[in-house]
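Here, residue 1 is the first one in the sequence, and each next residue gets the next number. In this text, all values refer to a predicted model and were calculated from it rather than measured experimentally. Computation of the quantities below employed the complete heavy-atom set of this structure, encompassing side-chain atoms and omitting hydrogens, waters and symmetry-equivalent molecules.
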Amino acid sequence: MRMVDIITKKRDGGELSPEEIRFFIEGYVNGTIPDYQASALAMAIYFQDMTDSEITELTKAMIGSGTTVDLSAIEGIKVDKHSTGGVGDTTTLVLAPLVASLGVPVGKMSGRGLGHTGGTLDKLESIPGFHVELTTEQFISLVNRNKVAVIGQTGDLVPADKKLYALRDVTGSVESIPLIASSIMSKKIAAGADAIVLEVTTGSGAFMKSEKDAVRLAETMVRIGDRVGRQTIAIITDMSQPLGFAIGNALEVKEAVDTLKGRGPADLKELVLTLGSQMVLLAGRAATHTEARRKLEEALESGQALARFKQFIASQGGDPDVADHPEKLPQAKYTFELPAKTSGFVAEMAADQIGLAAMLLGAGRATKEDKINFAAGLVLHKKVGDPVEAGESLVTIHSDYPDVNEIMKKLYQDIKIRDHAKTPRLIRRIITD
């Protein structure tokens, strides 16, 4: 078998066999297939697409390129959640302890974020003392005891994905739905989940800008999950504006706590209840979506979910007092208000650009070597569709820099006020097969 023949076959629209796909992945990981040939095949896939059978075989081959996590020692059905990302993506901080408080085991392996703000690990590490370096045995023990734990993704999990993504990132083939779907699903399956709930975001702050592409990606991942024996559900959500109000690591932790106390943003609460009800249903802890949602709402109202959050934080070395004393979280040296220049309605909030403003303050990474400032970020006071009066604050800027004039100029460009505006619909579609 020759790599050049596989490239040519896909270039001409042919369907690759399982043997050809395994040959490619194995050869690329062990170094016998060079970057230039892998890049050529990725570009051929970008233009010619793949069948469901090809994508499933590619996912399996990528899983087989490294170790897999055996979570069979964890009691119950393990339901994992994955988001394709966005701005102000605080979801896991609320969702994990909330679902765990109903007895659903949530053992999550997360990564660090590049771009707008840190990933879930960075947000959690903004809590003094919290650590994500656990052995597999400690991880499993915590999930069995508390029903929730979050650790960093191990380096030998799906090494094919890490290598292939780095190549795609610099050769113009990132936006390929077969390659995105196999990348996401290989990691979720290798991490040991029994069932998977996917949040696929769409809009200016999302990876998939159009709803059509988001739906196709979601449908593809659901079919892959079903083909490899994992119950999989996808929810299409709006990311044309930031989720919630907070953008930045410690700021998002505080917002998560507010939500667990019943005082959080309406859109974040709605998303958590929608995703959570699917997780509870898949885990067999409720018979209907209505029952699952009611149980989640009761866990929020009773303080049960907040108590589980504190237990989760303390079990991984963090200070649970941050839930009642948010001043213990990292605090920026300066805060600045961004006053509205005119009255009207907030008509547009360019999520990706607002996220970039937070990153420029230090809340995120431009390169993987960058160090995050946990205190930096933005807190919005308005969402799309809200009325605003001239002089009213649109955003509070949290910064360790005394001069934020350039950030303010940028935010004025990114937030549009007009005579009328329409509130976007958060939950677009739920895809089950």
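Side-chain atoms of S315 and N146 include a donor-acceptor pair closer than 3.5 Å. Counted by atom type alone, H289 and Q278 present one or more donor-acceptor pairs between their side chains at under 3.5 Å. Between the side chains of K123 and T90, no donor N or O sits under 3.5 Å from an acceptor N or O. Side chain to side chain, T274 and E270 meet the donor-acceptor criterion of an N or O pair below 3.5 Å. Side chain to side chain, E199 and T237 meet the donor-acceptor criterion of an N or O pair below 3.5 Å.
Taking the salt bridge (charged side-chain N to carboxylate O under 4.0 Å, His left out) definition, one finds that R425 meets it with nothing, sequence neighbours left out. K78 pairs by the salt bridge (charged side-chain N to carboxylate O under 4.0 Å, His left out) definition with D194, not counting sequence neighbours. Qualifying side-chain hydrogen bond (donor to acceptor under 3.5 Å, both in side chains) partners for T84, counting only residues two or more places apart in sequence or in other chains: T201.
Within the 3.5 Å criterion, the main-chain N or O of I431 finds no donor-acceptor partner in the side chain of E219. D414 places no side-chain N or O within donor-acceptor distance of the main-chain N or O of A351, the cut-off being under 3.5 Å. Side-chain atoms of Q331 come within 3.5 Å of backbone atoms of P326 as a donor-acceptor pair (strictly under, hydrogens ignored). For S141 (side chain) and E137 (main-chain N/O), no donor-acceptor pair under 3.5 Å exists by modelled atom type. In this structure a side-chain-to-backbone donor-acceptor pair under 3.5 Å is missing from S173 to M43. With hydrogens and angles disregarded, no donor-acceptor distance shorter than 3.5 Å links the side chain of K162 to the backbone of L157.
A salt bridge links E291 and K295; the closest N-O separation between the charged side-chain nitrogens and carboxylate oxygens is under 4.0 Å. With respect to the salt-bridge test (charged N to carboxylate O, under 4.0 angstrom), the residues D324 and K261 qualify. Of the charged side-chain nitrogens involved, at least one lies within less than 4.0 Å of a carboxylate oxygen, so that R418 and E348 count as a salt-bridged pair. Under 4.0 Å is where a charged nitrogen must lie from a carboxylate oxygen, and between K209 and D213 no such pair does.
Across I74 and N144, no two heavy atoms sit closer than the pair CA-OD1, 3.3 Å.
Counted within 6.0 Å of NZ on K341, heavy atoms from surrounding residues, nucleotides or ligands total 12 or fewer; the atom is thus considered open. Atom CZ of R429 has 12 or fewer neighbouring heavy atoms from other residues, nucleotides or ligands inside a 6.0 Å radius. Counting non-hydrogen atoms of other residues, nucleotides and ligands closer than 6.0 Å to OH of Y401 gives a total of 12 or fewer. Environment of NZ in K382: crowded, with over 12 heavy atoms of neighbouring residues, nucleotides or ligands closer than 6.0 Å. Within a 6.0 Å sphere centred on NZ of K383, other residues, nucleotides and ligands contribute more than 12 heavy atoms.
With K188 as the partner, the side-chain hydrogen bond (donor to acceptor under 3.5 Å, both in side chains) test is satisfied by one option alone out of T59, T232, D80: D80. Screening L93, T92, V99 for a side chain to side chain contact (heavy atoms under 4.5 Å, CB included) involving L95 leaves a single residue, V99. Under the side chain to side chain contact (heavy atoms under 4.5 Å, CB included) test applied with S186, the options I224, L58, V158 reduce to a single match, V158.
Relative ring orientation between F309 and F312 is described as perpendicular, the plane-to-plane angle rising above 60° on a 0-90° scale split at 30° and 60°.
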Next on the checklist: Determine whether R294 and E298 satisfy the following criterion, salt bridge (charged side-chain N to carboxylate O under 4.0 Å, His left out), listing intermediate values before the conclusion.
Outcome noted: CA-CA 6 Å; R294 177 180 55 77; E298 288 173 356; 3.2 Å; yes

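Residues T136 and I140 meet the side-chain proximity criterion, which asks for heavy atoms closer than 4.5 Å.
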